[in-house]
Amino acid sequence: MGATSTADGSETPVGGSTAKDGLTGAPASAAGTTAEGGKAGTKDSAAAGDGTAGTKDGTAGPKDSTAGTKDSTADPKDGKAGAKAGAAGPKDGKDSKGDAKDGKAAGEKKPEPERWEAFGPAPAPVPTRVGRAVRAVGRLLVHEWTLAVVGALALAVAMTWPTLRYPLHTLPQDYWDPSLQAWQMAWSGHILLTNPGQLWHANTFFPESWSFAFSDTLLGYAPAGMIGTGPEAAILRYNIVFVLAHALATLGAYALARQLGAGRIGGAVAGVGFAYAPWLLAQAGHLHVISNGGIPLALAMLARGHGWSLRYGYRPRRRHEAWVYAGWLVAAWQLSLGFGIGLPFAYFLGGTVLVTAVVWFLRRYLIRPVKRPFGTRLLVADVVGGLLFAAVGVLLAIPYFKVAELHPNAERTLGDIDIYSPPLSGFFTAPGESRIWGALHEGARAALPWPPEMTLLPGFVLYALAAGGLFFSVWKLRHRLYLLAGVLVTVILAMGTQFFDGTFTYAPLFEHLPGWNGLRTPGRLMLWTTLLLGLLAAGAVTAFCQRVRELAAQRIPSWPGPWLRLATLLPLLLVIVEGLNTTPHPVVPPQPAVLRTVDGPLLVLPSSQNHDQPVMIWTTTKFQDVVNGGSGFTPAQLADVRRVTLNFPDQVSVDYLRTLGVNNVVLVRDQLAGTPWEATVDLPVEQFGITREEVGDTVVYRL
């Protein structure tokens, strides 16, 4: 019989007994134990059940005292036991230790459980699919950007209140320009669903063509315009978008500040300061100005995609072309809302691309030759995204060039710019809608020629924080100086012709940059000043919060006290308080019932800039053609209609309206006080070949 060696060097006869405690191995039924399980077997055994064990080499030779087996496990199918990898030799002493499961298979008693096992840690539970889903949702709900979105929405509802108190009947600031913009969203949504080819030829200003391009179109909100019909739906849609625009502005500026390297509280100061700057309260009736959140959001996405941060510089490993595509798409969407603030944004992006291309060339060939410093895929993303942005700009610009060609009176002059150019004092004067400064600045506003466009205070708190950021900040000194230079340049441009007549500042842009002569109000460039001030303030607040954490680390225990925590929130609270408003929310004149049934083309009297804008929203039930319309300028033909119809109904006005193709004239009785029609509305009209019909509180003339 062969012998096997144990781990300690002793030999155990094949088929002999094993130690009862299992320390020396499991019993070997034939030639020996194995490394895997200690089962014994022979390669050429007798048939299963004969009780004999065969070995390839019956006895151990003189040169090899151990019986080696090739296969240690028994084959359950044929019952043959492999004996090629026999007993464990001296080098494989660890194989002699028995395995509990294998010992049980060989007939050994199951070892007793470890006596202290009950006191060990319980195994970690394996989460189920539902558990994993719940954890993922929980992580999403407490993620920074989820909290940022929810916070921006909640703050927007609170800061614009009572916009959503009576959202079907009231509009913020006044019901003139907001009515026009509510109609614009309704028209774009309606026509894109029914007849997209007629988008630019709206149902207002009949029979003018390209009338949708008479002012900024808010075309980017067309998807919202596809939901609902009628004036109440248009008013509700406007109010919801108005609130969302404030939330997007907050979130966009927050994202930009965070991407550039600011902390959370510093980013919140930049976001709130950008969205709720006091000067924007005077623009509450101009949704195309309030809708500015796409600017900082697109810049944040582009910076993230390029792996660039103001605080940490260029980090190639953080590049991601998907963010670049997203940034260009958001920029194109922002441009579709209007050229009033979109055109300066387009020129800023164009200048940034030009500077980046020059830097790339210098780094690639002259200063520090490197291979693709921005990456090929990133370069492709910029080219494709830039071309998309440019294509959107060109397509949107074509109708405006058509309007300029057909209506020379729509062209601006430097004299028009001078009317709306604010003096330096306007940058320290708040509008009347400011809850904090409105009454205090009443005298300063009275000294301004046109207060609605000249009260440009971004906030004294923002001024103070930005000034502090020049000396105490997480931004590098040169970056602070760049931001300061940007503030000064944008302030000078926002002054229009008030800064040395604009000879070397605004006038060259007005005369040489395509489309710049269509910007009537230079003070709206204050948008960029506010953004740059917010970034300076974010740097200061972030440095302050870092200092607080350092002081907290010196405490025992290392935790900031309530006063320290409150101190970090104080700048944010002050910026919020300075943005509080007293914006009025007047009730929109209700739609006359006849406008839900009468066909066009028609004229509604009285007609003027302020009267016609509510008329536009009245047509959102049927979108019938109307002569009425309000925009940034008055077409010559509409001016003629208003002049000729002052004596309506008379033969001259009736014949003139028939020449234009007008079929019906509607007089609204509750608007006739003090107008020429107050005395003529009840006169007989048979001599003019027309009919007259009383419908509710209106009078309808059939031509």
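We use all heavy atoms of the structure for the numbers below, so side chains are in, but hydrogens, waters and symmetry mates are not.
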task = Decide side-chain contact (heavy atoms from CB on, under 4.5 Å) for Leu218 and Val241; before the verdict, give the C-alpha distance in whole Å, the side-chain angles of both, and the deciding distance to 0.1 Å.
result = CA-CA 11 Å; Leu218 296 174; Val241 170; over 6 Å; no
For the pair [X] (side chain) and [Y] (backbone), establish whether a donor and an acceptor sit closer than 3.5 Å, ignoring hydrogens and angles.
{"X": "Asn517", "Y": "Glu411", "answer": "no"}
{"X": "Thr217", "Y": "Ala213", "answer": "no"}
{"X": "Arg304", "Y": "Gln259", "answer": "no"}
{"X": "His479", "Y": "Leu310", "answer": "yes"}
{"X": "Asn581", "Y": "Met159", "answer": "yes"}
{"X": "Arg480", "Y": "Trp475", "answer": "yes"}
{"X": "Ser211", "Y": "Ala202", "answer": "yes"}

**Item:** Partner residues of Phe339 under the ring pair (Phe, Tyr, Trp, His ring centres under 6.0 Å) criterion, sequence neighbours left out
**Value:**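 For Phe339, the residues satisfying ring pair (Phe, Tyr, Trp, His ring centres under 6.0 Å) (neighbours in sequence not counted) are Tyr400.
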Problem - Within residues 436-455 or reaching into it, pairs that qualify as salt bridge (charged side-chain N to carboxylate O under 4.0 Å, His left out) - sequence neighbours excluded - result: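 Those involving residues 436-455 are Glu453-Arg524.
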From [X] [atom1] over to [Y] [atom2], what is the distance, rounded to the nearest 0.5 angstrom?
{"X": "His286", "Y": "Leu180", "atom1": "NE2", "atom2": "CG", "value": "9.5 Å"}
{"X": "Asn628", "Y": "Leu638", "atom1": "CG", "atom2": "CG", "value": "7.5 Å"}
{"X": "Thr505", "Y": "Leu493", "atom1": "OG1", "atom2": "CG", "value": "6.5 Å"}
{"X": "Asp416", "Y": "Leu519", "atom1": "CG", "atom2": "CG", "value": "12.5 Å"}
{"X": "Tyr463", "Y": "Leu457", "atom1": "OH", "atom2": "CG", "value": "6.0 Å"}
{"X": "Leu337", "Y": "Leu287", "atom1": "CG", "atom2": "CG", "value": "8.0 Å"}

Do [X] and [Y] touch side chain to side chain, with heavy atoms closer than 4.5 Å?
{"X": "Gln181", "Y": "Asp216", "value": "no"}
{"X": "Gln498", "Y": "Asp418", "value": "yes"}
{"X": "Trp210", "Y": "Phe205", "value": "no"}
{"X": "Thr521", "Y": "Trp450", "value": "no"}
{"X": "Pro458", "Y": "Thr529", "value": "no"}
{"X": "Thr583", "Y": "His585", "value": "yes"}
{"X": "Tyr347", "Y": "Pro514", "value": "yes"}
{"X": "Thr352", "Y": "Phe348", "value": "yes"}

(request) Let me know which of Leu570, Val577, Leu572 forms a side chain to side chain contact (heavy atoms under 4.5 Å, CB included) with Leu574. (result)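 Looking at Leu570, Val577, Leu572, the match for Leu574 under the side chain to side chain contact (heavy atoms under 4.5 Å, CB included) is Leu570.
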Do you know which two heavy atoms are closest between [X] and [Y], and how far apart they sit?
{"X": "Pro431", "Y": "Leu281", "value": "CG-CB, 4.1 Å"}
{"X": "Phe274", "Y": "Pro296", "value": "CE2-CG, 3.9 Å"}
{"X": "Glu578", "Y": "Ile436", "value": "CA-CG1, 4.2 Å"}
{"X": "Leu388", "Y": "Leu329", "value": "CD2-CD2, 3.2 Å"}
{"X": "Val324", "Y": "Ala381", "value": "CG1-CB, 3.8 Å"}
{"X": "Gly342", "Y": "Leu335", "value": "O-CD1, 3.5 Å"}

Can you tell me how the ring of [X] sits relative to the ring of [Y], calling it parallel under 30°, perpendicular over 60° and tilted otherwise?
{"X": "Phe389", "Y": "Phe345", "value": "perpendicular"}
{"X": "Tyr221", "Y": "Trp333", "value": "perpendicular"}
{"X": "Tyr238", "Y": "Phe242", "value": "parallel"}
{"X": "Trp200", "Y": "Phe212", "value": "tilted"}
{"X": "His441", "Y": "Trp437", "value": "parallel"}

Does Phe472 have its ring centroid less than 6.0 Å away from the ring centroid of Phe544? no
Could you give me the CA-CA distance, side-chain angles and deciding distance for Thr634 and Gln609, then say whether side-chain contact (heavy atoms from CB on, under 4.5 Å) is met?
CA-CA 8 Å; Thr634 302; Gln609 175 76 6; 4.3 Å; yes
query = Do the side-chain N and O atoms of Ser421 and Tyr506 include a donor-acceptor pair separated by under 3.5 angstrom?
reply = no
### Message
Assess, by modelled atom type and distance only, whether the side chains of Asp382 and His306 contain a donor and an acceptor separated by less than 3.5 Å.
### Response
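His306 and Asp382 do have a side-chain donor-acceptor pair below 3.5 Å.
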- Task: Go through the steps to decide whether Gln613 and Asp177 satisfy the test side-chain hydrogen bond (donor to acceptor under 3.5 Å, both in side chains), and finish with yes or no.
- Result: CA-CA 7 Å; Gln613 288 171 328; Asp177 283 352; 2.9 Å; yes
Over 12 non-hydrogen atoms of neighbours within 6.0 angstrom of CH2 in Trp528 |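 Buried by this count: over 12 neighbours within 6.0 Å.
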Hey, can you pull the donor-acceptor pairs under 3.5 Å for the side chains in residues 530-537, sequence neighbours left out?
{"residue": "Thr530", "atom": "OG1", "partner": "Trp279", "partner atom": "NE1", "Å": "3.0"}
{"residue": "Thr530", "atom": "OG1", "partner": "Met526", "partner atom": "O", "Å": "2.8"}

Ser215/His288 under side-chain contact (heavy atoms from CB on, under 4.5 Å): CA gap, chis, key distance, verdict: CA-CA 10 Å; Ser215 57; His288 60 294; over 6 Å; no
Item to complete: Any chance you could lay out the side-chain hydrogen bond (donor to acceptor under 3.5 Å, both in side chains) test for Asn239 and Thr163, step after step, and finish with the verdict?
Response: CA-CA 6 Å; Asn239 286 322; Thr163 299; 5.3 Å; no
Exercise. Apply side-chain contact (heavy atoms from CB on, under 4.5 Å) to the pair Trp328 and Leu349, showing each step before the final yes or no.
Key: CA-CA 10 Å; Trp328 284 111; Leu349 284 180; 4.0 Å; yes
